[in-house]
Amino acid sequence: MTGFDLDDSVLQAPTEPPFLNGLNPEQRTAVLTTEGPVLVLSGAGTGKTRVLTTRIAYIIAAGLARPWEILATTFTNKAAKAMKDRLIQMIGADGESVGLGTFHGIGARILRKHAAEAGLTPNFVILNSDDQERLLKQIMQEVGIDTKQYAPKIMLDIIQRWKDRGLMPDAVSAGQLSDFCEGRGLGLYQLYQKRLGELGAVDFGDLLLLLLELFKNNAPVLAHYQNQFRYILVDEYQDTNVAQYMLLRLLARGHNNLCCVGDDDQSIYSWRGAEVDNILNFGKAFPDALIVRLEQNYRSTGHILGAAAGLIARNAGRLGKTLKVADTRDGAGEKVAVRGFWSGDREAQKIVELIENRQRLGTPLSHMAILVRASFQTRAFEETLIRAGMPYKIFGGFKFYEREEIRDAVAYLRLIENNADDLAFLRIVNKPRRGIGDQAVSALVAAGKEKSRCLLDAIAAADLRPAPRKTLEAFAEKIAGWAELARKTDLVSLAKRVLEESGYIAMWRDDKSADAPGRLENITEFYNVLSDFETLQDFLEYVALITDADDAPDGDALMIMTLHASKGLEFEHVYLPGWEEGLFPHQKALDESGAEGLEEERRLAYVGITRAQKSGFISYAGNRRVYGQWQNALPSRFIDELPAGHVQADSEIRGGVRAEPSFFTWGKSGRPDFSAPRHAGERSARVGKRVHHELFGDGIVIRADGDRLEVHFDAHGSKKILARFLTEL
DNA sequence: GCCGTCTGGGTTTTT
DNA sequence: CCCAGACGGC
C-alpha cells in the first residue's frame, strides 16, 4: 500500500486504509496528525495502544516513512511485543522492521553498534541490580566506608537517580546528595563508573546515560539517527525520566515528529526516577505541540469511573481529563463495594469466597484479579487459595532470572563470553565448592589490582598457596576450554557441558534440601530458553533486559499482582484489599515524599480502580499480621475520598465504614486483639490513660475524638495525636 | 575454608 | 515471621 496524501479529501476517500475504521474523532486526530509534536493525553481505557499502533500503521501505509524510520518506545518488553503483534496483524511483515522496543533495549542496540565511539567494548555485559549493588559495596569497602552505616543500596539509588537525570559524574553539582557517605558520594560514583569500564560492563542507567553522552559528543552519530527516525512515538510518557526526555529532544530535532502518549494520572514510578514534569510540561517544551485528549472510556462502568474520578480529583497539579463512559447500555453497573474486615485473614477468606461465587456464575478466573499494594499481602491470599484449591498466578513474584541457580548458570556463561567479568567470576569461582575461600580471593583481588588485570588473568601473578593455585589454574583452563567450545557448538550443548563439567549440576543433585530438585528443573527450563538463541551475546542481552512479566499463566488462573504491575491491564472484576492507612497510602511514601508521595499513592489507587471493567471491590482490615506481629490500622483516607454516590459500603467492624481502631496495640507484640467487637463506652475509656509517644515521651490522654486523641505530655504539653502513634503504658 | 548461630531489616520494581 | 549476610568456632 502506498501513497496516501495528507490532503483531507483523500483521507475521506474510499482508499482510506481499513484500520482507520471505528476510531472516534479524537483518536482519529491523534493518528492522522503525523507532523509536528503531539501529546496524546490518554485516560485509562481510552484505547491508547490502538492509537499508537494505528498511527504507525498509517504512517507506513501512507508512505510517509519506511518501517525502520519509525522509532517507537514502550515501558516494558511485553508491551513492545504486544504492539508489534498488533502491527503485524494490521500491515503484515512490514511491522517487523519498525524500531520498536523499550528505551533500554534500543539504547543497548545503538550502543553496541557504536561501542567504540561510546568508549565501550562491543561485548559489554549489562549488570542486573544485584551485580550493581555488589560492585558498589566492594568499592565502598575498598575505600574504607563502613557499609553498615552507609548502605550500598542507598548509595546505588543515589547514583541511579543521577543517571536518570542524565548526569555523568562531572555534571553532578555539589550538594545534590554528592556528599552522602561523608562527602564521598560523588567520588564513589566516579569510581563505580571506572570499575564498570574495567569490567566491560554497563548498568541499566548507562543504557540511557551513555547513549546520551554518545549523541552529545558525536555529531555524526546523532545526525545519523536524527535523520533515520522520521517519526518517533513514545508510550507511557508519564513514566519517562529526564535522560529519556533529553534523548527524545535530541532525536526529535531531526524531523520534529514526536508523538507522546501518556496519562499524568497514572504516573506511579517517581520513586524510580520517572519525572511527571515531562508530561506536565510537554506544551512548554514543544510550544507548537498539538494536545489531544482521549476521554472516551471503553473499559469500565459508570460507577467505576465515577469512583475513580472522585478520588483522583483530590490531586493538585493535573492536566485534567474527564472520562466518559462509552457504553451506557447496562446503566452505571454495580457500585464499587467497600468492605471492612476484622483481620487480613478474614479479608482474604471473604474475597476468595466472592471470587468462587463469580466463578460459579461463569466468569473465568483469569478475568478476575487481586491487586495489592505490597507484595507481602499476597501471602494471606496464597494460603487461602491453596486451601480452596483455586489455581492462581502471582505476577512479578519470584523472577526466573533472579533465582540463584539461574544467576549462577548465567554467570558461567558471562565469564565465558567475557573473561573480564569479575562479578561473574566471583559468583561462581567457588560454586560448587572448590576450596577457594576468602584468603585466595583476596590474594587474587590484590594481584588483579596491582597488575590491573581481571581476576581470571591475575591467577598467575597472585600470591597463592599451592592447593588453591592448582584449583584456580584448572578453573581458568576450563573456562578457556569452554570459550573454545562456545565457538563450535550451540548454546544448549555448551551450557549442558559447562554445568556438568563444572560440577554445578552435581552440586544440586547431591543437595538434600527440599528445593534442590526444583532448582534442577529450573536449569532444565533454562536450557529451553537457551535454545531460542543463536549467540551467547544475544542471550545475555535478553537475560539482562527481560522480566518474566511475559510468561502468561497456563490454563485458567486467578491473577494476583501489585498495583504497579497491573498498569495497562484490565479485568472484569478487580479486588483491591489492604486499603489502610500506613499500607495504602504507604507510610514510607508519606514519610519520604510528603504531599507528593500521597498524590502518587492516590494515582496508584486510581490505577487500581480503573483496571476494572464490571466491578470493583475495595477492602480494609482492622488488624493485620505484619512480619509476625499484629498491627492495627485505620481505613485508608482514600476510602473516605470515594464519592458516596458510586460506592456501596459495609463493614463487619462496628461503626460501618469508619472502623473503630483497636486501641493501643500499634507496634506492640503479641496477640490479635480483634476477636471481639468492642462495646460502646470504649472510646471514653481511653481518657485518663497513660501513654507513650516516640517523640514526645510519656503523657496522659485528656480527650478522645475517634482516633484523634489529645494528650498532655509531661515534657511537651498538650498535643493532638493519632491513636496509632501511641503505646499504652 | 566451612558451617552453624545471630542480627537486622523487610514498599512499589522495570529496564 | 523469614531471609540474607556477618561473625565466630571448628
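All values below were derived from every heavy atom in this structure, side-chain atoms included, with hydrogens, water molecules and symmetry-related copies excluded. In what follows, chains are A, B, ... by sequence order, proteins preceding strands, each numbered from 1. None of these values were measured; they are calculated from a predicted model.
In this structure, CD of Gln238(A) is placed 14 Å from C1' of dT14(B), rounded to the nearest angstrom. Note: NZ (Lys78(A)) to C1' (dT13(B)) measures 15 Å, nearest angstrom. With rounding to whole Å, Asp130(A) atom CG is found 13 Å from dG5(C) atom C1'. The NE2-P distance, from His586(A) to dG10(B), rounds to 11 Å in whole Å. A straight line from CG of Leu156(A) to P of dT13(B) spans 18 Å, rounded to a whole angstrom. In this structure, Lys153(A) atom NZ and dC3(C) atom C1' are separated by 13 Å, rounded to whole Å. Ile394(A) has its CD1 atom 12 Å from the P atom of dT13(B), to the nearest Å. dT14(B) atom P lies 11 Å from atom CD1 of Ile268(A), rounded to whole Å.
Within the 4.0 angstrom heavy-atom criterion, only backbone atoms of the sugar-phosphate kind lie near Ser375(A); the bases stay farther away. Within 4.0 Å of Gln377(A), counting heavy atoms only, lies no atom of the nucleic acid at all. Among the heavy atoms of the strands lying under 4.0 Å from Arg379(A) are primed sugar atoms or P, OP1, OP2 only; no base atom is included. Across all strands shown, Phe75(A) has heavy atoms under 4.0 Å from sugar-phosphate atoms exclusively, and none from any base. Using a 4.0 Å heavy-atom cutoff across all strands shown, Lys137(A) reaches sugar-phosphate atoms only and no base atom.
Ring planes of Phe75(A) and Tyr269(A): tilted class, angle from 30 to 60°. Using bins of under 30°, 30° to 60° and over 60° for the plane-to-plane angle, the ring pair Trp162(A)/Tyr189(A) lands in the parallel bin.
For Arg272(A) against dT13(B), no side-chain N or O and base N or O form a donor-acceptor pair under 3.5 Å.
With salt bridges taken as basic N to acidic carboxylate O contacts below 4.0 Å, one links Glu600(A) and Arg603(A). At a threshold of 4.0 Å, the pair Glu580(A)-Arg637(A) does not count as salt-bridged, since none of the basic side-chain nitrogens sits closer than that to a carboxylate oxygen.
Cation-pi geometry between Arg112(A) and Phe124(A) is met: the NZ or CZ atom falls under 6.0 Å from the ring centre, inside 45° of the normal.
Taking for each of Gly105(A) and Glu601(A) the nucleotide of DNA chain B with the nearest heavy atom, the 5'-most of the two is the partner of Glu601(A).
By the stacking rule of 5.5 Å between ring centres and under 30° between planes, Trp271(A) stacks on the base of dT12(B). Under the stacking criterion of a centre-to-centre distance below 5.5 angstrom and an interplanar angle below 30°, His564(A) is not stacked against the six-membered ring of dT12(B).
The only option from Arg427(A), Arg414(A), Lys137(A) that meets the salt bridge (Lys or Arg N to Asp or Glu O under 4.0 Å) definition with Asp131(A) turns out to be Arg414(A). A side-chain hydrogen bond (donor to acceptor under 3.5 Å, both in side chains) with Asp239(A) holds for exactly one of Gln244(A), Arg272(A), Lys567(A); it is Lys567(A).
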Protein-proximity profile, nucleotides 1-6 of chain B, B/S/- by nucleotide at the 4.0 Å heavy-atom cutoff, equals SSS---
